[in-house]
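As the structure is a computational prediction, the values presented were derived from the model and not from experiment.
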Amino acid sequence: MEEIDVPPFFICPISLEIMTDPVTVPTGITYDRESIEKWLFSGKNTACPVTKQVIADCELTPNHTLRRLIQSWCMLNACHGIERIPTPKPPISKAQITELLNDAAKSPLHQIKCLRRLQSIASENATNKRCMESSGVVEFLASIVSNYDPTAVDGLLYNEFEPIRPTDEALNILYNLHLSEAALKNLMRKNGDIVVSLTRVMQRGTCKSRAYAVSLLKSMLEMADPMQLICLRHELFVELVRVLRDRISQQASKATLQLLVSVSPWGRNKVRVAEAGAVPVLIELLLCSSQKRACETILTVLDEVCRCAEGRSELLNHGAGLAIVSKKILRISHVANQRAVRILLSISKFCATSNVLQEMLQLGIVAKLCLVLQVECGHKTKEKAKEVLKLHARVWMNSPCIPSNLRSPYPASS
């Protein structure tokens, strides 16, 4: 393609490329739709990139005049290799969405057709997603999830031999809408039983619906207030642990671990996590995981759960518990080092029986902690390692695994 001069007002200020669907924001600046949608909705920015003014109303007005100018210019320069941009499909309107939702109430077939159409609309652009969000679609989908009945067979439609379940379709759309913070908070506030409904889906749903349910739960609970987090039920944690145990997908496991990280610190949740059987499952995941982020997240959950007696007991009851925590030190990252040493500190403070201390010595944990003091792994981690060694200096001082140059800082008596 020959190098030609492109009129500057054809260029999007964000992408610096020729606009294919120019839209104007309330500040009067025109951008390419895809770029400004990504800036405003995916990036969660609230200011105009050019003027820096806050955009209170995110309505994007199509600039048809500019688009036609660009299309004409592209046709005139076709001989230079410039391709004509197609006329973009107009965004969906609230009236169209409302009509679609009204039709869904007519029959199960209409409901499935509505869900399929909503899925298609959402996939087109971010503007459609925000329009759906403000037109009652979230509440409509949440009602389908709340009415989930795994035993219902009447009225089910089939795609070849596979049943088409409205709940699966609704969860798919809710997940892919990438709901705004406000919508997630409203979902929690207006649909008080939504967490219970999603738990029920995780108990009896398909692998796909369970994966969507846990991903949606993660997004919702990250926006929840402390009182909502404190009141989470035991059944939810049982199902979260089952998702990890079943390993239904890498995405579902990742979302579950991140969810446990965010909710475990609140109230008695760490106890609920332990009582749901999470610790042995987390240890098994840690045994077969070498990915940095996964190991860090697993150790973070274990660190939080080991702050309660139930969690520490579960860790010690697993034959590989102490060994795998120690093994990850100095092998993954500074974050993993810090979490693993804090777990060992919790054990040393509250579970230091003679058998446990002897096991820590035999597994090389004491030697590993001494090594932590000699390498660059963060001041806080070193301080925690020192604290563990000082706590039980009387027991470990004569061990040959402790270098002589490290013995003097740790007196024989506390």
Search all heavy atoms of [X] against all heavy atoms of [Y] and return the closest pair with its distance.
| X | Y | answer |
| --- | --- | --- |
| Pro265 | Val261 | CD-O, 3.4 Å |
| Leu171 | Ser209 | CD1-O, 3.7 Å |
| Cys114 | Leu100 | SG-O, 3.6 Å |
| Gly311 | Cys306 | O-SG, 4.2 Å |
| Arg33 | Pro91 | NH2-CG, 3.5 Å |
| Ser346 | Arg312 | O-CD, 3.6 Å |

Carefully, step by step, assess Thr297 and Leu299 under the rule side chain to side chain contact (heavy atoms under 4.5 Å, CB included).
CA-CA 5 Å; Thr297 311; Leu299 287 168; over 6 Å; no
Side chain [X], main chain [Y], donor-acceptor under 3.5 Å:
| X | Y | result |
| --- | --- | --- |
| Trp39 | Cys48 | no |
| Ser135 | Met132 | no |
| Lys368 | Ser326 | yes |
| Asn337 | Ile329 | no |
| Glu133 | Ser180 | yes |
| Asp21 | Pro88 | no |
| Asp225 | Met227 | yes |
| Asn125 | Thr127 | yes |
| Asn63 | Leu66 | yes |
| Asn269 | Val263 | yes |

Heavy-atom check, side chain of [X] versus side chain of [Y], under 4.5 Å:
| X | Y | result |
| --- | --- | --- |
| Leu391 | Lys349 | yes |
| Glu169 | Arg116 | yes |
| Lys185 | Gln228 | no |
| Val50 | Thr27 | no |
| Thr46 | Ile55 | no |
| Phe237 | Val271 | no |
| Lys94 | Ser134 | yes |
| Lys254 | Ser215 | no |

If you draw a 6.0 Å radius around [atom1] in [X], do more than 12 non-hydrogen atoms from other residues or ligands fall strictly inside?
| X | atom1 | answer |
| --- | --- | --- |
| Glu34 | CD | no |
| Lys129 | NZ | yes |
| Gln291 | CD | no |
| Trp73 | CH2 | yes |
| Arg84 | CZ | yes |
| Glu383 | CD | yes |
| Arg242 | CZ | yes |

How many angstroms lie between atom [atom1] of [X] and atom [atom2] of [Y], to the nearest 0.5 angstrom?
| X | Y | atom1 | atom2 | answer |
| --- | --- | --- | --- | --- |
| Gln119 | Leu177 | CD | CG | 10.0 Å |
| Arg268 | Cys231 | CZ | SG | 13.0 Å |
| Ile144 | Ser197 | CD1 | OG | 12.5 Å |
| Lys327 | Leu363 | NZ | CG | 12.0 Å |
| Leu244 | Ser253 | CG | OG | 5.5 Å |
| Ser313 | His318 | OG | NE2 | 13.0 Å |

Specify whether Tyr175 and Tyr212 have parallel, tilted or perpendicular ring planes, treating 30° as the upper limit for parallel and 60° as the lower limit for perpendicular.
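Ring orientation, 0 to 90° scale: tilted.
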Would you check, one step at a time, whether the test side chain to side chain donor-acceptor pair (under 3.5 Å) holds for Ser123 with Ser120?
CA-CA 5 Å; Ser123 67; Ser120 174; 4.7 Å; no
State, without any angle test, whether [X] and [Y] hold a side-chain donor-acceptor pair at a distance under 3.5 Å.
| X | Y | value |
| --- | --- | --- |
| Asn172 | Asp168 | no |
| Gln71 | Thr87 | yes |
| Thr24 | Thr30 | yes |
| Ser146 | Ser143 | no |

Checking side-chain contact (heavy atoms from CB on, under 4.5 Å) against Leu240, which of Leu260, Val281, Thr199, Leu232 comes through?
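Exactly one candidate clears the test, Leu260.
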Considering the options Val137, Ile173, Asn128, which one meets the side-chain contact (heavy atoms from CB on, under 4.5 Å) requirement together with Ile121?
Asn128
After noting the C-alpha distance and the side-chain angles of Ser93 and Gln96, does the key distance pass the side chain to side chain donor-acceptor pair (under 3.5 Å) rule?
CA-CA 5 Å; Ser93 68; Gln96 290 172 298; 3.1 Å; yes
Given Phe10 and Met19, is the side chain to side chain contact (heavy atoms under 4.5 Å, CB included) satisfied, shown in steps?
CA-CA 6 Å; Phe10 288 2; Met19 291 182 278; 5.6 Å; no
With the threshold set at 4.0 Å, does a side-chain nitrogen-carboxylate oxygen contact exist between Arg245 and Glu284?
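Here Arg245 does not pair with Glu284 in a salt bridge, since their nearest N and O are not under 4.0 Å apart.
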Is the shortest side-chain N to carboxylate O distance from Arg307 to Glu304 below 4.0 Å?
yes
For the pair Asp32 and Ile14, evaluate side chain to side chain contact (heavy atoms under 4.5 Å, CB included) and give the outcome as yes or no after the intermediate values.
CA-CA 8 Å; Asp32 195 45; Ile14 297 175; over 6 Å; no
Which residue, Gln338, Lys292, Arg339, Glu296, forms the side-chain hydrogen bond (donor to acceptor under 3.5 Å, both in side chains) with Ser333?
Glu296
Run Met360 and His392 through side chain to side chain contact (heavy atoms under 4.5 Å, CB included) and show every step you take.
CA-CA 11 Å; Met360 292 177 73; His392 307 293; 6.0 Å; no
Salt bridge (Lys or Arg N to Asp or Glu O under 4.0 Å) partner of Asp303, chosen from Lys328, Arg342, Lys270:
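Result: among Lys328, Arg342, Lys270, Arg342 is the only option passing the salt bridge (Lys or Arg N to Asp or Glu O under 4.0 Å) with Asp303.
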